[in-house]
Amino acid sequence: MAFLVGVLEGAPGWFRRYEAAQGLGTLWPRCAADADLAARWSGPVRDALSAAACDEHPWVRRAAIRGLERMGSVVPALEAALDDSVVEVRERAILAAGRVGPDAVVGRLIAMLRGVSPDGTGTVCRVVEALGQLRRPSAEVIEVLEDLGSRGDRFVVREALRSLARLARAEPRWAGRVTSLLRDALAAPDAERRASALHGLVVLKPAGWVDDCAGALADDNPLVRGTAVTLLLRDAGTWALRQVGDLVSDPDRVVRQRLAEALAAHVTEPAARAHLRRLVGDARPDVARAALMALARTGASAVRPVLGHPEPALRVAAASVLADIGDHHDLARLLGLLADPEPWVRAAAARALAGLHRRVHGTPRRLRSSVLAPMAVLLHDDDRYVRREAAHALGRLGDRNAIEHLHQACRDQRIDRHTAGHARRLLGL
């Protein structure tokens, strides 16, 4: 602590002061856990951070406000920081005002909402987020957030509804009013507002919130369906797996992709794996790739059949996944992909082969690697991209016998000197 306080008070370089302010804010919770240390250092640390909150560099000011917030002592520096000329410092001060500021700052935050320019959506969202973290929300705060939740920018609406839900969860006397507002928003004609209402319901979790989200799975707008499936699978547990099965054939690809991504958290469940196996055969590569990445959590056996998929993007994804989860038997499978007709697949196979071989066998020292020669053939591939990726893969393989192949390819003008030099650096030469 003494070192960081000294640096913050006397370092000539702004970056060292910034690091010291960051360090003090990070270390203070540990220090506060020890009564003797807290009593000894609370004053010096608070004074140093308060002085840094007026530093000439905005990064230092922002880090100091964060440190004071973690100490719960941001109030003395708050007035100046809320009027700071740099938006990042103001937004940090806004969040601190909501989290640890006194009740007196609430009026200031509300005034900022009313006085901000129309293009200040980011600042409005930070103010709304800060209001949502107040310890004792007043009726005025609830009314302001209700007003913002019914109009304005979609990001502001979502943040306002989520803030209302946080306040109602912390202060039960507002729960009925906010629940009614969220359900009204769920029936609004605007799809953005319906999706935002789902976020609020999941935060508050009133009685029947699961049924509300499940009903949104049949919404006519894909944004609402995608939001509902993500939130249900995240917060409702395995019960939701029975509700989302119809979305495997949803007409919107984004909904199917979000379903695949959300199912990854439940991949140990048979129902989730069944949905994902259907999604791996999706006509859209991005959907199938998301499903494949989720299935990869169950092991390499779910990925190996995809190496022969007719879609090149999926063969690329399967090769990339096997580099991290495959075993020595998968080396032969990846070697087969080096002759794939699609250049992107050949390049991905070379990268995956180098990574898997090194993970399984370590870095070759004296013996020539068994995959070196097949990978080196790609240095003379017809595709320039494949040649470059093959050179980099040989470098990552770690076998120094690759240097003769790299030199020969350079002499034959199959790769340039920059590519060969990068491969040499990967080899440690």
*Indicate yes or no for a side-chain donor-acceptor contact from Arg158 to the backbone of Arg193 under 3.5 Å, with no hydrogens or angles considered.*
no
*Between the side chain of Asp252 and the main-chain N/O of Pro222, is any donor-acceptor distance below 3.5 Å?*
no
Does some side-chain heavy atom of [Y] sit less than 4.5 Å from a side-chain heavy atom of [X]?
| X | Y | result |
| --- | --- | --- |
| Trp174 | Pro137 | yes |
| Arg61 | Val86 | yes |
| Thr227 | Leu223 | yes |
| Leu279 | Leu259 | yes |
| Arg99 | Glu129 | yes |
| Leu338 | Val377 | no |
| Lys205 | Val202 | yes |
| Leu113 | Leu131 | yes |

Supply the atom-to-atom distance [X] [atom1] to [Y] [atom2], rounded to the nearest 0.5 angstrom.
| X | Y | atom1 | atom2 | value |
| --- | --- | --- | --- | --- |
| Arg289 | His309 | CZ | NE2 | 11.5 Å |
| Arg126 | Ile94 | CZ | CD1 | 9.0 Å |
| His361 | Leu356 | NE2 | CG | 8.0 Å |
| Leu335 | Ser370 | CG | OG | 7.0 Å |
| Glu192 | Asp190 | CD | CG | 6.0 Å |
| Leu78 | Ile65 | CG | CD1 | 6.5 Å |

Minimum heavy-atom distance [X]-[Y], with the two atoms named:
| X | Y | result |
| --- | --- | --- |
| Ala402 | Leu372 | CB-CD1, 3.7 Å |
| Leu406 | Ile415 | O-CD1, 3.9 Å |
| Ala20 | Leu4 | CB-O, 3.6 Å |
| Leu322 | Ala300 | CD2-CB, 3.8 Å |
| Val316 | Trp344 | CG2-O, 3.8 Å |
| Ala197 | Ala185 | CB-CB, 3.7 Å |

*Could you point out which residue of Leu182, Val156, Leu148, Leu145 forms a side-chain contact (heavy atoms from CB on, under 4.5 Å) with Leu161?*
Leu182
Could you tell me which residues satisfy salt bridge (charged side-chain N to carboxylate O under 4.0 Å, His left out) with [X], sequence neighbours excluded, listed by chain and number?
| X | result |
| --- | --- |
| Asp327 | Arg304 |
| Arg162 | none |
| Glu146 | Arg177 |
| Asp286 | Arg253 |

Distance-only check: which donor-acceptor pairs under 3.5 Å involve side-chain atoms of residues 262-276, not counting sequence neighbours?
{"residue": "His266", "atom": "NE2", "partner": "Leu233", "partner atom": "O", "Å": "2.5"}
{"residue": "Arg273", "atom": "NH1", "partner": "Val267", "partner atom": "O", "Å": "3.2"}
{"residue": "Arg273", "atom": "NH1", "partner": "Thr268", "partner atom": "O", "Å": "2.8"}
{"residue": "His275", "atom": "NE2", "partner": "Leu241", "partner atom": "O", "Å": "3.3"}

Going by salt bridge (charged side-chain N to carboxylate O under 4.0 Å, His left out), name the pairs with one or both residues in [range], residues two or more places apart or in two chains.
| range | value |
| --- | --- |
| residues 340-356 | Arg315-Asp340, Arg346-Asp381, Arg351-Glu389 |
| residues 164-176 | Glu159-Arg166, Glu171-Arg173 |
| residues 352-363 | none |
| residues 214-223 | Arg194-Asp219, Arg194-Asp220 |

Residues 209-218, side-chain donor-acceptor partners within the protein, below 3.5 Å, at least two apart:
{"residue": "Asp212", "atom": "OD2", "partner": "Arg183", "partner atom": "NE", "Å": "2.8"}
{"residue": "Asp212", "atom": "OD2", "partner": "Arg183", "partner atom": "NH2", "Å": "3.0"}

*Report the relative orientation of the aromatic rings in Trp14 and His57; use parallel for angles under 30°, tilted for 30 to 60°, perpendicular for over 60°.*
parallel
*asked:* Among residues at least two apart in sequence or on other chains, which ones pass ring pair (Phe, Tyr, Trp, His ring centres under 6.0 Å) with Phe155?
replied: none
*Please lay out, stage by stage, how Val106 and Val141 fare under the test side chain to side chain contact (heavy atoms under 4.5 Å, CB included).*
CA-CA 8 Å; Val106 175; Val141 171; 3.5 Å; yes
*Kindly determine whether Asp83 and Arg108 satisfy salt bridge (Lys or Arg N to Asp or Glu O under 4.0 Å), including the steps that lead there.*
CA-CA 11 Å; Asp83 292 321; Arg108 180 74 182 277; 2.4 Å; yes
*Salt-bridge present (Glu261, Arg258; N to O < 4.0 Å)*: no
*asked:* If you apply the rule side chain to side chain contact (heavy atoms under 4.5 Å, CB included), what do you find for Leu394 with Leu379, and how did you get there?
replied: CA-CA 10 Å; Leu394 285 170; Leu379 292 175; 3.6 Å; yes
_Check: Thr419/Arg388 side-chain N/O donor and acceptor closer than 3.5 Å_ = no
*Please test Ser50 against Leu68 for side chain to side chain contact (heavy atoms under 4.5 Å, CB included), starting from the C-alpha separation and ending with a verdict.*
CA-CA 7 Å; Ser50 296; Leu68 287 167; 3.9 Å; yes
Please table the atom pairs, donor to acceptor, closer than 3.5 Å between any side-chain atom in residues 25-34 and protein atoms at least two apart or in another chain.
{"residue": "Thr26", "atom": "OG1", "partner": "Gln22", "partner atom": "O", "Å": "2.9"}
{"residue": "Asp34", "atom": "OD1", "partner": "Asp36", "partner atom": "N", "Å": "3.0"}
{"residue": "Asp34", "atom": "OD1", "partner": "Leu37", "partner atom": "N", "Å": "3.2"}

*asked:* Out of the candidates Arg62, Arg46, Arg92, only one should pair with Glu69 under the salt bridge (charged side-chain N to carboxylate O under 4.0 Å, His left out) rule; please name it.
replied: Arg92
